[in-house]
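Fair warning: this is a prediction, and the values are worked out from it, not measured in the lab. For this chain, numbers begin at 1 and follow the sequence in order. Quick note: numbers below take in every heavy atom, side chains included, and nothing from hydrogens, waters or symmetry partners.
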Amino acid sequence: MNASDLQDLMGWLIEGARSAPTPVDLLRQTCERLVAGGVPLWRAGAFVRTPHPDVFGRSFIWREGGEVQVNTADFDFPDSPQFINSPLAIVFREEREVRYRLDDPDSRRFPFFDDVRAEGATDYIALPMVFTEGPAQASSWTTRAPGGFTDAQLGALRAIAAPFARLGEIFALRRTAAVLLDTYVGNQAGERILAGQIRRGHAESMQAAIWLSDLRGFTALSDRLSPQVIVEILNQYFDCQVPAIRKHGGEILKFMGDGLLAVFPISEDDGNSNGQPKQVCARVLEAAREARAGVDAMHYLSRDAVERFRFGVALHIGGVLFGNIGGSNRLDFTCIGPAVNLAARLEKIAGRLHRTVVASAAFAEACACDWTDLGEFPIAGFSRAQRVFGLADETSLQG
């Protein structure tokens, strides 16, 4: 790679690679610029660990003539033979460069090289991506050129390592912020916070189907079992609900002990039928049925017996205020309003009636289903009694 092309690539990276708005674009365009400058790349990868409750890290793999492939690794991956016996393990562990010509007999100790050697690879270099803080990440660069990389080509790869890592860190930090906000406050709330909606009192009105649930007998359960066991049970219990809610378009807003508050936004009249009340409520009810089946099947083996579980969920539809609420330096992104209050009261009625799923009249009207009219009930804080509906297939659960 001549000095002029290398200088142009370095300048593009140092100035922020503005034509590459994503990490996929960054890797692809960097590789294309290297190839155009005479570096005979065949394959390149970037490997970044990320703070995530379920994901150890992500890999980005570019191949000549192909698209960048993005993969994730779980927390078992660092202990897997695939990783332990790879050259990248050395980069992550020792934060140093690893270079092998693939005709070197010593390269045979890495099974990964057998795979790429079979595809014609001749040379490989892995470089640490040193971030400003935390452990190093890694990049790798492979060629199929006869004789491997030249010294000048290796020098170019080493020269771009620092600015390439700096941009990688920026993308990683952005993703970390988005992932943590999505994990702890929910996707829509996280997007709003990242967009700058962070002032206390900033809130927006929206129409939504509301889901409020809790675990039956939780107080007695907590009295009998250890806190560690209770945490395990709660995680299993929420795993019965969260995937179903998210699958059907819901946003988890809050976990309150054994309680869960979620909303399913209803779009304005924009021609998208999937966002209209009937369609949204149908998806909410389907999520409730899936969660009910999951909790029914759930069990936990304690010292004395096999614990079985039941829960209740109240479904309502109405207007909510969605935004920043709290003290001056400790805010929560949540929703409030009479519709949320009514859902909370209905959930208590579900417990009294030994029902799993109950719905308000507004929800039952919007969602065609075989509902059973459970009667009118006075609701604390509301001037009028509210009619409550239950699923017909739960009749036998009354008592």
Side-chain angles (χ1 to χ4, degrees), residues 181-182 185-213 241-242 244-256 259-291 312-326 331-350 357-369 371 379 381-391:
L181 284 170
D182 186 18
V185 303
N187 180 258
Q188 288 198 33
E191 289 178 352
R192 291 171 188 240
I193 292 169
L194 284 176
Q197 296 183 20
I198 56 176
R199 292 183 58 191
R200 183 169 63 154
H202 187 288
E204 296 179 3
S205 298
M206 73 173 186
Q207 287 292 117
I210 301 160
W211 168 303
L212 208 151
S213 63
Q241 298 181 73
V242 172
I245 291 170
R246 299 192 69 169
K247 170 185 171 183
H248 293 286
E251 173 92 354
I252 311 294
L253 292 185
K254 198 179 294 293
F255 297 103
M256 305 159 289
L260 185 155
L261 172 63
V263 292
F264 294 71
I266 296 171
S267 64
E268 300 294 332
D269 187 10
D270 58 3
N272 179 10
S273 63
N274 287 331
Q276 298 309 304
K278 288 184 178 180
Q279 287 73 23
V280 170
C281 290
R283 296 201 304 271
V284 175
L285 184 57
E286 184 60 29
R289 292 185 187 277
E290 291 178 14
V313 57
L315 308 176
H316 182 41
I317 186 171
V320 299
L321 199 62
F322 189 55
N324 289 289
I325 300 166
L331 300 176
D332 191 11
F333 213 99
T334 188
C335 70
I336 61 171
V340 178
N341 298 339
L342 179 56
R345 301 291 190 268
L346 293 178
E347 196 283 320
K348 300 304 179 188
I349 291 174
V357 180
V358 300
S360 67
F363 187 94
E365 182 179 356
C367 182
C369 179
W371 295 106
I379 306 291
F382 288 80
S383 59
R384 291 166 35 184
Q386 300 288 324
R387 190 162 293 278
V388 180
F389 293 81
L391 293 176

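- Taking both residues in full, the closest heavy atoms of Glu347 and Gly312 are given as OE2-O, 3.7 Å, listed atom of the first, atom of the second, then distance.
- Considering every non-hydrogen atom in both Cys281 and Ala366, the closest pair reads SG-CB, 3.9 Å.
- Proximity of Asn341 to Ile336: side-chain heavy atoms (C-beta onward) are nowhere separated by under 4.5 Å.
- Closest approach of Ala291 and Trp211 over heavy atoms only: CB-CH2, 4.0 Å.
- A heavy-atom distance below 4.5 Å is found between the side chains of Val242 and Leu260.
- Here the NZ-CD distance, from Lys278 to Glu365, works out to 9.0 Å after rounding to the nearest 0.5 Å.
- Contact detail for Ala359 and Phe363: the closest heavy-atom pair is CB-CD2, 3.8 Å.
- Here CD1 of Ile252 is found 3.5 Å from CD1 of Ile245. Values are rounded to the nearest 0.5 Å.
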Residues Arg289, Leu391; criterion side-chain contact (heavy atoms from CB on, under 4.5 Å); working and verdict: CA-CA 10 Å; Arg289 292 185 187 277; Leu391 293 176; 3.9 Å; yes
Carefully, step by step, assess Glu251 and Cys335 under the rule side-chain contact (heavy atoms from CB on, under 4.5 Å). CA-CA 11 Å; Glu251 173 92 354; Cys335 70; over 6 Å; no
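- Applying the salt bridge (charged side-chain N to carboxylate O under 4.0 Å, His left out) criterion to Arg387, with sequence neighbours excluded, gives Asp373, Glu376.
- Looking at Val313 and Gln241, their side chains never come closer than 4.5 Å, going by heavy atoms from C-beta outward.
- Counting heavy atoms from C-beta on, the side chains of Cys367 and Val284 never come closer than 4.5 Å.
- Nearest heavy-atom pair across Ala208 and Val263 is CB-CB, 4.1 Å.
- Annotation for Val358 and Leu346: closest pair CG2-O, 3.6 Å, computed over non-hydrogen atoms.
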Using distance only, find each side-chain donor-acceptor pair of residues 315-323 under 3.5 Å and give its atom names and separation, not counting sequence neighbours.
{"unit_1": "His316", "atom_1": "ND1", "unit_2": "Ser360", "atom_2": "OG", "d": "2.6"}

Test side-chain contact (heavy atoms from CB on, under 4.5 Å) applied to Ile349 and Arg345, step by step: CA-CA 7 Å; Ile349 291 174; Arg345 301 291 190 268; 5.6 Å; no
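- With sequence neighbours left out, the salt bridge (charged side-chain N to carboxylate O under 4.0 Å, His left out) criterion links Lys247 to Glu290.
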